[in-house]
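The structure appears below as structure tokens.
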Amino acid sequence: MKCKRYEQWLWDEVEGQLSADRRQQLQAHLAECERCRQLRERVRATYHALHTLPRHRAPEHVFARVAPRLAAQHKPARPWLRWALAPALIALLALGWWGMQQLTTHNTLAAEDDTEQWVELHHQLEVADWSPTPTTSYFLFTGYTR
């Protein structure tokens, strides 16, 4: 069912962030789908309930105590880590490239070997089909019989 896509758009519609094109598509879907209309009403009720809750601001002394702790917890990025991991990444890429080369070479050689075998078999079958009566020398030298 296509409802999943429209369910995701319901919150955007309630918040007024849905584009005009999508809003039109949603309205067309809601005209046909009772389940999504009910879901839309639940989304609206939840949205309005959340926005009617009282908002309280934390006291200033809480900000004064929490701000230094948050700043202390924030650790700066470690630029040396990128340089330490670079050789490992290069080795991994080189190994992957080498593996792909080996695989490609193996597949190419296998394809060439198969091609030669198929051409040889085709040639032998053609000789056998065009020969009205195989001679004794044909059987002795080729090892094939009809």
Side-chain angles (χ1 to χ4, degrees), residues 1-131 138-146:
M1 216 175 189
K2 296 186 237 176
C3 292
K4 277 286 186 202
R5 176 175 48 168
Y6 297 111
E7 288 173 7
Q8 295 171 352
W9 292 355
L10 288 175
W11 279 100
D12 291 338
E13 182 209 16
V14 169
E15 293 174 349
Q17 298 177 355
L18 197 61
S19 68
D21 181 45
R22 286 188 174 180
R23 187 178 308 116
Q24 194 174 24
Q25 292 176 24
L26 179 63
Q27 293 299 329
H29 177 73
L30 290 173
E32 299 173 3
C33 184
E34 175 65 29
R35 182 179 159 277
C36 286
R37 280 194 302 267
Q38 291 174 356
L39 182 60
R40 179 187 191 192
E41 292 308 315
R42 288 193 304 249
V43 166
R44 282 183 175 176
T46 304
Y47 181 81
H48 291 300
L50 288 174
H51 284 287
T52 57
L53 291 174
R55 295 180 184 212
H56 298 286
R57 193 161 177 82
E60 289 299 322
H61 70 279
V62 173
F63 283 121
R65 285 186 11 209
V66 172
R69 289 183 186 175
L70 290 176
Q73 284 180 350
H74 178 66
K75 297 178 182 174
R78 297 174 232 146
W80 58 267
L81 187 60
R82 289 185 195 151
W83 293 107
L85 293 177
L89 180 61
I90 291 170
L92 184 62
L93 289 173
L95 184 63
W97 177 80
W98 178 77
M100 290 300 292
Q101 292 297 322
Q102 294 298 318
L103 185 62
T104 305
T105 304
H106 176 71
N107 287 343
T108 305
L109 292 176
E112 289 173 2
D113 292 343
D114 289 346
T115 304
E116 291 175 10
Q117 290 176 355
W118 285 108
V119 168
E120 179 63 29
L121 179 62
H122 177 71
H123 178 69
Q124 291 173 359
L125 290 173
E126 237 180 31
V127 169
D129 284 344
W130 285 100
S131 175
Y138 172 78
F139 294 125
L140 291 174
F141 292 113
T142 61
Y144 291 97
T145 61
R146 274 194 186 203

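Numbers for residues simply follow the sequence, beginning at 1.
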Test of understanding: with side-chain contact (heavy atoms from CB on, under 4.5 Å), list the residues that count as partners of [X], not counting sequence neighbours.
{"X": "Trp98", "result": "Leu95, Gln102"}
{"X": "Leu70", "result": "Val66, Gln73"}
{"X": "Ser19", "result": "Asp21, Arg22"}
{"X": "Pro59", "result": "His61, Val62"}

Note to self: Looking at Arg35 and Glu7, is there a salt bridge between them, counting it only when a charged N and a carboxylate O are closer than 4.0 Å?
What the structure shows: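 Counted as a salt bridge, because a side-chain N and a carboxylate O are separated by less than 4.0 Å.
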Pairwise distance [atom1]([X]) to [atom2]([Y]) - rounded to 0.5 angstrom:
{"X": "Asp12", "Y": "Leu26", "atom1": "CG", "atom2": "CG", "answer": "10.0 Å"}
{"X": "Leu30", "Y": "Leu39", "atom1": "CG", "atom2": "CG", "answer": "9.0 Å"}
{"X": "Cys36", "Y": "Lys4", "atom1": "SG", "atom2": "NZ", "answer": "10.0 Å"}
{"X": "Cys3", "Y": "Gln8", "atom1": "SG", "atom2": "CD", "answer": "11.5 Å"}

Residues in side-chain hydrogen bond (donor to acceptor under 3.5 Å, both in side chains) with [X], at least two apart?
{"X": "Glu41", "answer": "none"}
{"X": "Arg37", "answer": "Glu34"}
{"X": "Glu15", "answer": "none"}

Note to self: Could you report the tightest heavy-atom contact between Phe63 and Ala58, atom names first, then the distance?
What the structure shows: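 So the two residues come closest at CE1-O, 3.6 Å.
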Note to self: So which atom in His51 and which in Arg55 form the shortest heavy-atom distance, rounded to 0.1 Å?
What the structure shows: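 In terms of heavy atoms, the two residues are closest at ND1-NH2, 3.5 Å.
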Notebook entry, point to check: Does any pair with a residue in residues 15-36 pass ring-ring contact (aromatic ring centres under 6.0 Å, His included), and if so which ones, sequence neighbours excluded?
Noted result: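 Output for this query lists Tyr6-His29.
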Notebook entry, point to check: For His48, what residues pass the ring-ring contact (aromatic ring centres under 6.0 Å, His included) criterion, not counting sequence neighbours?
Noted result: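 So His48 forms no ring-ring contact (aromatic ring centres under 6.0 Å, His included) with any residue.
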Notebook entry, point to check: Under 4.5 Å between any side-chain heavy atoms of Arg44 and Glu13, yes or no?
Noted result: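 Arg44 reaches Glu13 side chain to side chain.
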Next item on the list: Name all residues meeting the salt bridge (Lys or Arg N to Asp or Glu O under 4.0 Å) criterion together with Arg23; count only those two or more places apart in sequence or in a different chain, and write none if there are none.
Entry: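 In terms of salt bridge (Lys or Arg N to Asp or Glu O under 4.0 Å), with neighbours along the sequence ignored, Arg23 is linked to no residue.
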